Student: 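Just passing along the structure, written as structure tokens.
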Number of protein chains: 2
Amino acid sequence: MRIRTIAAAARAAEVNVETIRFYERRGLIAHPARPGHGPRHYPEETIARLRFIREAQSLGFTLAEIAELLDLRADPSADCADVRSRAVARREDVRIKIARLERIGAALDALIATCPSRGSLGACTILDAIEHPIAREAAPSPADPTEQRQPEGVSTMKTTTFAIDGMHCEGCAETVRGLLEHEAGVKAVQVGHAPGSARVLFDPAIIDENRLTATIERPGYRVTAVK
Amino acid sequence: MRIRTIAAAARAAEVNVETIRFYERRGLIAHPARPGHGPRHYPEETIARLRFIREAQSLGFTLAEIAELLDLRADPSADCADVRSRAVARREDVRIKIARLERIGAALDALIATCPSRGSLGACTILDAIEHPIAREAAPSPADPTEQRQPEGVSTMKTTTFAIDGMHCEGCAETVRGLLEHEAGVKAVQVGHAPGSARVLFDPAIIDENRLTATIERPGYRVTAVK
DNA sequence: ATCCGCTCCGTACCATAGTACGGAGTCAAG
DNA sequence: CTTGACTCCGTACTATGGTACGGAGCGGAT
């Protein structure tokens, strides 16, 4: 149990010296008393605390949450359920973040899939789609979703949402997305499992809902609603 | 095409007045010339630009990336591939973020699963696990992953990874996780689909790999490797 | 005796995406 | 002719998690 100066403590806990000072200011770790005019030394307990902070951070806890956990740890009247509820809240937060990213990823996939990958920007489907958003899942439209706003220039296109049964995982959704994207006349596809649904932007002059339904049902899924 | 003051423009684009000023400072939108001493007015094009920014933001693009997209849009020599590559990069970024969050979620699940949910903190498995991390997936261990570092106090525990076939969706993974968690002697479980795998921390004095394999295969999955 | 490396401390700065505030001006209605 | 609503502009502040800088002091080696 050798005496550690701040630099040695930082090496031991694999953090930056400035980070230790920062945590001291934030009250996450104690600021050890200074022996006379010499350098402060950091006990093993502080190193453990630093490691705890690092570990909790890797689980996505914020410093504020970590401060709470550290307080709980030192509180003899604290209950294990207090800790658990924080972990559960964190888990829920992670779930929400993943869901949001998955929606973003699906939207990007749809954009990328429709891109011709070459040529001038006049016909860039990606910029086009950002300029004229088709469906805003975030902002609930006051109008009936059946009657999508049809921006000029894409007025011949049609958007339809299919409710799909039996499509429970991301892999299934990918399969359906791939099938739909390869149909002629399909311009953009968004597929989500949980609940199973596919939103398709297509040219009704080339393909129709019946053909799309057949495409979705080919691998064994069932379209339960078309809207 | 009525003339819009900043407040009207903000309402039209569904952003804050201060946000418009902020974007002007960042150079994302033009700062319209001021007619004499009267208020500036914002053309329809700026409203469209604001909507474009909002839309791109909802896809996760940062303001810096959006500035690039806006520049590309105005550049007659720009190619569609330039736009596409940015969308693809964004997609990749989203994929990485999801993967990281999924790792965090799995780790939290494992912690929550082992928690007795009541009692004093002396035996809090969650705090315990944060204090004594079992396996650092972030920091690649130099040792063979078979031989996990065994922190003191958990030395009787064993960690085994099962490769599982047929488990392709999150729902399946949940099923397996639930089954494993309810086996006596199992302390922590991490399950992932794509590729199907389960990492189980268990007490070899209570349960063994054969029992665990049987548990996983009960609903119809196949364990293809045990390590 | 002086330089190096380390420490201590306060303060400022980074990115990100805004939000808030305060003072001054303008315009229309009451 | 005052009040209220709006505008303009600069500056400061929010949260998050640090990083960097500069001056001062201290101990050991050269």
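Chain naming here is simple, since letters A, B, ... match the order of the sequence lines and numbering starts at 1 in each. Please read these numbers as outputs of a predicted model, since none were measured by experiment.
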Student: State which of dC9(C), dT7(D), dT11(C) makes the closest approach to the side chain of Thr5(B).
Tutor: dT7(D)
Student: Just one of Arg11(A), Glu44(A), His41(A) clears the side chain to side chain contact (heavy atoms under 4.5 Å, CB included) bar with Arg4(A), so which one?
Tutor: Glu44(A)
Student: Distance check needed: dG18(C) C1' versus Leu28(B) CG, whole Å only.
Tutor: 12 Å
Student: From the options dC21(C), dG18(D), dC8(C), select the nucleotide whose nearest atom is closest to the side chain of Arg40(A).
Tutor: dC8(C)
Student: Send over the distance from Glu65(B) CD to dT16(C) C1', rounded to a whole Å.
Tutor: 12 Å
Student: Considering only side-chain heavy atoms of Leu63(A), which listed nucleotide, dC8(D), dA17(C), dG18(D), is closest?
Tutor: dG18(D)
Student: Base, sugar-phosphate alone, or nothing: which one does His41(B) contact when heavy atoms must sit under 4.0 Å apart?
Tutor: nothing
Student: For Gly38(A) and for Arg11(B), find the nucleotide of DNA chain D with the closest heavy atom, then tell me which residue's nucleotide is more 5'.
Tutor: Arg11(B)
Student: Please state whether the phosphate of dG17(D), meaning OP1 or OP2, lies under 4.0 angstrom from any side-chain nitrogen or oxygen of Tyr23(A).
Tutor: no
Student: Please report the closest heavy-atom contact between Thr62(B) and Glu65(B), naming both atoms and the distance.
Tutor: N-OE1, 2.9 Å
Student: At under 4.0 Å between heavy atoms, what does Arg21(A) touch on the DNA or RNA strands: base, sugar-phosphate, or nothing?
Tutor: base
Student: dT19(D), dC8(C), dC26(D): which one has an atom nearest the side-chain heavy atoms of Phe22(A)?
Tutor: dT19(D)
Student: Please determine whether side chain to side chain contact (heavy atoms under 4.5 Å, CB included) holds for the pair Thr125(A) and Leu111(A), giving the CA-CA distance in whole Å, both sets of side-chain angles, and the decisive distance to 0.1 Å.
Tutor: CA-CA 7 Å; Thr125(A) 55; Leu111(A) 289 182; over 6 Å; no
Student: Atom CD1 of Ile29(A) and atom P of dG18(D): how far apart are they, to the nearest Å?
Tutor: 12 Å
Student: dT16(D) P sits how many Å from Asp93(A) CG, rounded?
Tutor: 12 Å
Student: Grab the NE2-P distance between His37(B) and dC27(C) for me, whole Å please.
Tutor: 10 Å
Student: Just how far, in rounded Å, is P of dC8(C) from CD1 of Ile20(A)?
Tutor: 10 Å
Student: From the options dT19(D), dA17(C), dC8(C), select the nucleotide whose nearest atom is closest to the side chain of Arg25(A).
Tutor: dT19(D)
Student: So which atom in Asp82(B) and which in Ser85(B) form the shortest heavy-atom distance, rounded to 0.1 Å?
Tutor: O-OG, 3.0 Å
Student: To the nearest Å, how far apart are Ile3(B) CD1 and dC27(C) P?
Tutor: 14 Å
Student: Consider the side chain of Gln57(A), meaning its heavy atoms from C-beta on, and name the nucleotide among dG18(D), dT7(D), dC9(D) that approaches it most closely.
Tutor: dG18(D)
Student: Between dC6(D), dT19(D), dC9(C), which one does the side chain of His31(A) approach most closely?
Tutor: dC9(C)
Student: Report the nucleotide, chosen from dA20(C), dG17(D), dC21(D), that has the shortest atom-to-atom distance to any side-chain atom of Glu18(A).
Tutor: dC21(D)
Student: Report the distance from atom CD1 of Ile66(A) to atom P of dT16(D), rounded to the nearest whole Å.
Tutor: 12 Å
Student: OP1, OP2 of dG17(D) versus side-chain N and O of Thr19(A): anything below 4.0 Å?
Tutor: no
Student: If you look at every heavy atom in Leu50(B) and Ala13(B), which pair is closest and at what distance?
Tutor: CB-CB, 3.6 Å
Student: Within 45 degrees of the ring normal and closer than 6.0 Å to the centroid, is that where the cationic atom of Arg73(A) sits relative to Phe52(A)?
Tutor: yes
Student: Nearest to the side chain of Pro39(A) - dT19(D), dC8(C), dG18(C)?
Tutor: dC8(C)
